[in-house]
Number of protein chains: 2
Amino acid sequence: MSSKRVTISDIAQKLNISASTVSRALKNHPALKKETIKAVQDLANKLNYQPNLLALSLRQKKTNTIGVIIPEITSHFFSSIITGIQDVLVNSGYNIIICQSNESYKEELAIVENLLRIRVDGVLVSPSSRTKKFNHFSKLKQSGVPIVVFDRDCPNLEVDKVLVDDYDGAFQAIDYLIKSGCKKIAHLSGPKNLSTTNHRLQGYLDALKKNNLPVKEEYIVHASGFTHEEGIQPTKTLLRLKNPPDAIFAINDCIAISAMYIAKKLDFKIPEDISIIGFDDEPHTRYFKPALSTVWQPVYSIGMLSARILLSHLKNPDNTPKLRKEIFKPELVIRHSSIKI
Amino acid sequence: MSSKRVTISDIAQKLNISASTVSRALKNHPALKKETIKAVQDLANKLNYQPNLLALSLRQKKTNTIGVIIPEITSHFFSSIITGIQDVLVNSGYNIIICQSNESYKEELAIVENLLRIRVDGVLVSPSSRTKKFNHFSKLKQSGVPIVVFDRDCPNLEVDKVLVDDYDGAFQAIDYLIKSGCKKIAHLSGPKNLSTTNHRLQGYLDALKKNNLPVKEEYIVHASGFTHEEGIQPTKTLLRLKNPPDAIFAINDCIAISAMYIAKKLDFKIPEDISIIGFDDEPHTRYFKPALSTVWQPVYSIGMLSARILLSHLKNPDNTPKLRKEIFKPELVIRHSSIKI
DNA sequence: TTGTAGGCGTTATCAG
DNA sequence: CTGATAACGCCTACAA
């Protein structure tokens with residue numbers, strides 16, 4: 001930061017008036033003489049005056065900055081949510097600090113400390129998959145920083161939440177697979193103890209139950225993360241079973257794509273031999289051969305709504321309305337990697 | 001931001017000492033009595049004291065905040081660069097404000113104004129594809145804010161730059177295609193007047209020339225952007241030519257994937273009838289069938305180096321070493337969407 | 001219509 | 001070893 005930036009008192013001096021007059025002139029205070037206002041604004045422009053938001057923040061105890069904590073930014077899922085968040089918040093004059101936890105609880109803790117120090121006005125967070133305690137978030141809340149949790153739930157944490165009905169998304173997918181004739185449906189699940197993982201697993205289980213299909217332990221395999229690489233081994237485990245599945249429901253599209261890749265390598269025909277359904281509807285997926293069936297989530301809306309809810313808190317800081325828990329419905333998108341009903 | 005946050009003077013009062021003593025105790029000033037230090041730190045912990053970085057920034061004229069301007073965050077390319085940037089900067093105690101221009105010059109202008117106002121210590125920028133004048137960046141520089149431009153060049157702007165040898169990447173790809181026997185090579189180019197677009201186009205042209213192949217105007221089609229959708233129509237234009245190409249070099253992977261998609265639809269066999277090569281090496285591409293040949297760029301390194309160069313300026317604010325222009329070499333990755341040599 | 005004074009939270013400087 | 005003071009840039013209640 002340069003030290004030679006022009007300030008209000010610089011302008012005041014040159015004009016032989018007081019700093020407060022300059023301050024008022026800059027915001028067109030009605031009680032000022034028009035000439036004064038004009039003189040000040042002209043000089044301000046000429047000198048390229050930029051208000052120092054730092055000083056303003058300090059005075060107003062308000063930084064107009066929001067912290068956003070996500071597991072990682074390179075996934076299309078989270079970066080799309082961020083776009084939704086930014087579109088709302090930037091338009092309301094807020095700055096956004098995006099922080100990646102890299103799925104690490106420890107980094108998440110450090111991030112929260114930092115956000116506290118820089119005095120963000122609010123926080124939007126999707127916790128890491130390794131986060132089991134949420135005290136750090138409670139701490140934020142206790143310090144008066146409103147929080148909205150999105151996508152991944154923090155059970156028992158009493159804050160506003162914007163989630164997706166993962167249970168329903170999974171249920172729809174499995175129900176469809178069964179109706180299309182699949183009987184041996186496997187689930188490439190995600191990291192354990194994550195709300196999204198759990199809910200999708202439960203949807204899977206209940207859909208089987210409802211259709212009187214047995215649950216086979218060996219058909220449920222957990223990937224340790226959400227990348228392609230992490231999908232390879234679990235898929236192999238599944239397809240090398242003596243009695244391999246005739247359908248795979250994957251925790252997300254990357255894993256589903258790995259599954260397609262391995263399935264083809266092992267000479268399974270998709271969808272004749274095996275149906276595959278993913279989750280997220282990433283932009284690439286429709287261009288695969290066969291085009292991937294998947295469960296679409298309203299990513300952009302998730303971001304927007306989370307931001308809007310946070311905004312509403314920032315506007316009425318005092319009143320504590322009852323907790324909001326918004327749940328979006330996902331939609332099954334059937335393409336060609338699963339048999340049509 | 002809560003008003004009930006504990007400050008240095010809160011601690012001072014409770015301990016009946018002065019604020020300056022507390023300030024010193026908090027940073028283990030050697031001249032203080034150990035008991036004082038302990039008392040202060042204990043109380044600080046107990047009260048969950050968090051230093052107000054705002055006040056610090058105001059005083060030190062230094063915000064420890066860096067602005068990053070990119071066209072959009074949802075592309076894997078830019079989000080990976082950001083990760084490289086963050087890994088370097090966060091470790092050095094900086095906060096990062098990520099701003100999306102959405103490929104709009106106007107938004108870029110607004111972003112620069114804002115960054116100036118919040119007094120960022122430095123800026124990393126990859127300009128929008130519609131930016132033709134760089135006065136706003138000069139203004140930043142004149143205000144004493146160091147800038148590093150990455151990936152997309154700003155011709156005639158005298159700042160440090162971290163670029164990729166796009167010319168070479170294109171040249172390698174075309175040369176390979178020619179050596180593999182392709183004779184009618186088309187180029188799905190990108191938005192005009194972008195440095196990366198121009199350099200890749202030039203590499204394409206020169207590789208043809210070097211190999212004594214004629215340049216056909218109709219084989220050069222510009223996509224208006226970098227998304228799948230924007231690749232569809234240009235590909236159709238190309239493949240419906242009376243004399244369609246036997247190879248397509250696409251400006252990026254998304255466009256290349258669209259090209260593969262359309263080519264298959266129109267019954268071109270890949271790579272027998274037509275070879276396709278993309279640019280970027282996005283993670284999905286290797287899982288396509290056929291796996292996409294492409295040009296890899298060291299995204300993470302681009303981010304890291306840009307951040308490091310910026311850091312070096314922040315550490316020695318006075319001396320103006322001569323401009324750095326670092327150029328990474330891309331690498332051709334041959335998979336199955338192009339004929340092997 | 002404009003100026004003065006005080007304060008937001010912190011730390012460097014000078015005193016004691 | 002510790003305290004008082006001033007300053008970073010801005011705004012606002014109060015005064016004139």
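Convention: sequence-line order gives letters A, B, ...; per-chain numbering from 1.
- For the pair B:K62 NZ and C:dG9 P, the interatomic distance rounds to 22 Å; values are reported in whole Å.
- Put simply, the residue from B:I85, B:V88, B:L89 that forms a side-chain contact (heavy atoms from CB on, under 4.5 Å) with B:Y94 is B:L89.
- When the nucleotides D:dC11, C:dT10, D:dT2 are ranked by their closest atom to the side chain of B:T21, D:dT2 comes out on top.
- At D:dG9, one or more side-chain N or O atoms of B:K61 fall inside 4.0 Å of OP1 or OP2 (strictly under the cut-off).
- Out of D:dC10, C:dT2, C:dT10, the shortest distance to the side chain of A:L56 is found at D:dC10.
- Regarding A:Q60, its CD atom lies at a distance of 16 Å from the C1' atom of C:dG6, rounded to whole Å.
- For the residue pair A:D87 / A:Y300, a side-chain donor-acceptor distance below 3.5 Å is found, with atom types taken as modelled.
- Atoms CD (B:Q13) and P (C:dG9) sit 12 Å apart, rounded to a whole Å.
- Distances shown here put a side-chain N or O of B:T36 below 4.0 Å from the OP1 or OP2 atom of D:dT2.
- At whole-Å resolution of the value, CG in B:L26 and C1' in C:dA12 are 16 Å apart.
- Side-chain polar atoms of B:Q100 and B:E107 form no donor-acceptor pair below 3.5 angstrom.
- Each of B:P51 and B:R24 was assigned the nucleotide of DNA chain C with the nearest heavy atom; the assignment lying further toward the 5' end belongs to B:P51.
- The nucleotide whose nearest atom lies closest to any side-chain atom of A:A31 is, among C:dT10, D:dC10, C:dT1, C:dT1.
- In this structure, the nucleotide among C:dG9, C:dT2, C:dT11 sitting nearest to the side chain of A:L58 is C:dG9.
- For the pair B:H29 NE2 and D:dG3 P, the interatomic distance rounds to 13 Å; values are reported in whole Å.
- Heavy-atom distances to DNA chain D give each of B:V22 and A:L53 a nearest nucleotide, and the one nearer the 5′ end belongs to B:V22.
- Protein atom CG of A:N52 is 10 Å distant from nucleotide atom P of D:dC11, rounded to whole Å.
- Remark: A:S18 is not in phosphate contact with C:dT2, judged by side-chain N or O atoms under 4.0 Å from OP1 or OP2.
- Using modelled atom types, one finds a donor on one side chain and an acceptor on the other under 3.5 Å when comparing B:D121 with B:T63.
- Looking at heavy-atom distances under 4.0 Å, B:K34 makes no contact with the nucleic acid at all.
- Comparing C:dT2, D:dG3, D:dG9 by their nearest atom to the side chain of A:R59 picks out D:dG9.
- The CZ atom of A:R5 sits 15 Å away from the C1' atom of D:dC10 (whole-angstrom rounding).
- Protein atom CG of A:L15 is 15 Å distant from nucleotide atom C1' of C:dG3, rounded to whole Å.
- Using a 4.0 Å heavy-atom distance criterion, B:S20 is classed as a base contact.
- A:R5 contributes a side-chain N or O that, together with a main-chain N or O of B:L116, makes up a donor-acceptor pair within less than 3.5 Å.
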